[in-house]
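I have placed the structure first, in the form of structure tokens, so that the comments after it can refer back to it.
Given the structure is predicted, the values throughout are model-derived calculations rather than measurements. Counting convention: from 1, in listed order, for ligands and their atoms alike.
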Amino acid sequence: MSQVPAYKRILLKLSGEALMGDDSYGINRNTIEQIVAQIKDVVDLGVQVGIVIGGGNIFRGVAPAASGMDRATADYMGMMATVMNALALKDAMTKAGLVARVQSALTMQQIAEPYVRGKAMQYLEEGKVVIFAAGTGNPFFTTDTAAALRGMEMNVDIMLKATKVDGVYTDDPKKNPDAVRYQTLTFDEAINRNLKVMDATAFALCRDQHLNIKVFSIFKQGALARVVLGEDEGTLVHC
Ligand SMILES: Nc1ncnc2c1ncn2[C@@H]1O[C@H](COP(=O)(O)OP(=O)(O)OP(=O)(O)O)[C@@H](O)[C@H]1O
Ligand SMILES: O=c1ccn([C@@H]2O[C@H](COP(=O)(O)O)[C@@H](O)[C@H]2O)c(=O)[nH]1
């Protein structure tokens with residue numbers, strides 16, 4: 001029996017740190033291949049996929065050198081880190097048989113297309129995966145906010161935050177073993193309880209534009225497909 005996805009078009013926010021696997025920085029080959037395999041599963045279901053990738057795996061590595069730097073300059077370095085991740089992701093996708101395009105919010109015409117909304121929409125309609133690099137293109141923001149923004153511009157049905165933990169908890173589960181996972185919660189609850197799984201700007205944008213978010217672990221085998229099929233996986237943050 002064929003499986004029917006719950007969503008036609010999704011925006012997947014991939015944590016840069018998730019690409020490290022068990023390494024202390026950078027991109028782990030096995031990890032990126034496993035993530036790409038999960039993405040291929042949902043593309044094969046007929047779902048249109050846009051991706052915003054973070055930069056924590058590279059930028060945290062250079063953060064000591066960046067400390068004391070002008071904030072905007074350090075943020076531009078962070079955005080460039082997301083472009084490196086986007087190129088690595090595109091390469092891994094091509095090797096897995098997917099057709100992917102990188103569009104960057106910062107102009108780097110030799111290595112990536114510039115972000116053009118209409119063109120990105122066209123690619124999605126053609127079944128190509130679009131990787132949005134360089135965040136919003138502006139310092140003082142994050143790739144979570146970029147994901148909210150691009151998700152709204154692409155008229156996606158849901159934003160999926162793929163991270164290292166399996167949902168939103170009452171506190172950071174990596175620091176507090178007593179933290180309890182929510183099945184669902186509202187944007188107002190997430191903002192008022194100052195839950196750090198995403199930044200407040202991203203939560204507020206999604207709340208105001210009625211774009212729900214599912215937070216789940218990309219390290220759980222088949223988790224992305226289960227989310228896309230509407231099964232019980234991760235935490236839903238809603239209006
Ligand atoms: N209440 C909470 N519930 C769940 N996770 C939380 C919570 N508070 C803090 N976190 C932490 O937030 C992290 C999620 O952020 P993530 O690593 O995806 O960062 P990012 O900024 O989106 O990506 P990058 O790694 O590229 O910087 C989790 O790994 C978790 O440790
Ligand atoms: O719109 C944006 C997006 C990102 N940055 C900078 O890049 C790093 C890496 O992004 P993460 O979301 O932390 O993975 C971020 O810390 C910012 O320094 C940005 O300035 N604007």
Which of the atoms in ligand 1, numbered in the order shown and given with their element, are less than 4.0 Å from a heavy-atom of G55?
26 (O)

Atom 20 (O) of ligand 2: which protein heavy atom is closest, and how many Å away?
D75 CB, 3.1 Å

Those atoms of ligand 1 less than 4.0 Å from some heavy atom in T163:
14 (C), 15 (O), 16 (P), 17 (O), 18 (O), 29 (O)

Can you figure out which of T235, T142, V197, V52 has its heavy atom closest to atom 12 (O) of ligand 1?
V197

Heavy atoms only, cut-off 4.0 Å: how does K174 contact ligand 1, side chain, backbone, both, or neither?
side chain

Among A74, P139, G55, A134, the residue with a heavy atom nearest to atom 9 (C) of ligand 2 is G55

Enumerated ligand 2 atoms positioned under 4.0 Å from heavy atoms of T136
1 (O), 2 (C)

Ligand 2 atoms in contact with G54 (distance to a heavy atom under 4.0 Å):
14 (O)

Number the atoms of ligand 1 from 1 as they appear, then name those within less than 4.0 Å of a heavy atom of K164, with their elements.
17 (O), 29 (O)

Against heavy atoms of G135, which atoms of ligand 2 measure under 4.0 Å?
1 (O), 3 (C)

One finds that the ligand 1 atoms under 4.0 Å from a non-hydrogen atom of G54 are 26 (O)

With atom 20 (P) of ligand 1 as the reference point, say which of K13, E17, M198 has the nearest heavy atom.
K13

The atoms of ligand 1 lying under 4.0 Å from a heavy atom of P173, numbered in the order shown, are 3 (N), 4 (C), 5 (N), 6 (C)

Residue G56 vicinity, atoms of ligand 2 by number, heavy atom under 4.0 Å
14 (O)

Below 4.0 Å from any atom of ligand 1, is there a heavy atom belonging to A162?
no

Report yes if some N/O of Y169 lies less than 3.5 Å from some N/O of ligand 1; otherwise report no.
yes

At under 4.0 Å between heavy atoms, which part of N138 makes contact with ligand 2: side chain, backbone, both or neither?
backbone

Ligand 2 contacted by A81 (non-hydrogen, < 4.0 Å)
no

Students should be able to answer this: which protein heavy-atom is nearest to atom 8 (C) of ligand 2, and at what distance?
G78 CA, 3.7 Å

For atom 12 (O) of ligand 2, what is the closest protein heavy atom, and at what distance to 0.1 Å?
T143 OG1, 2.5 Å

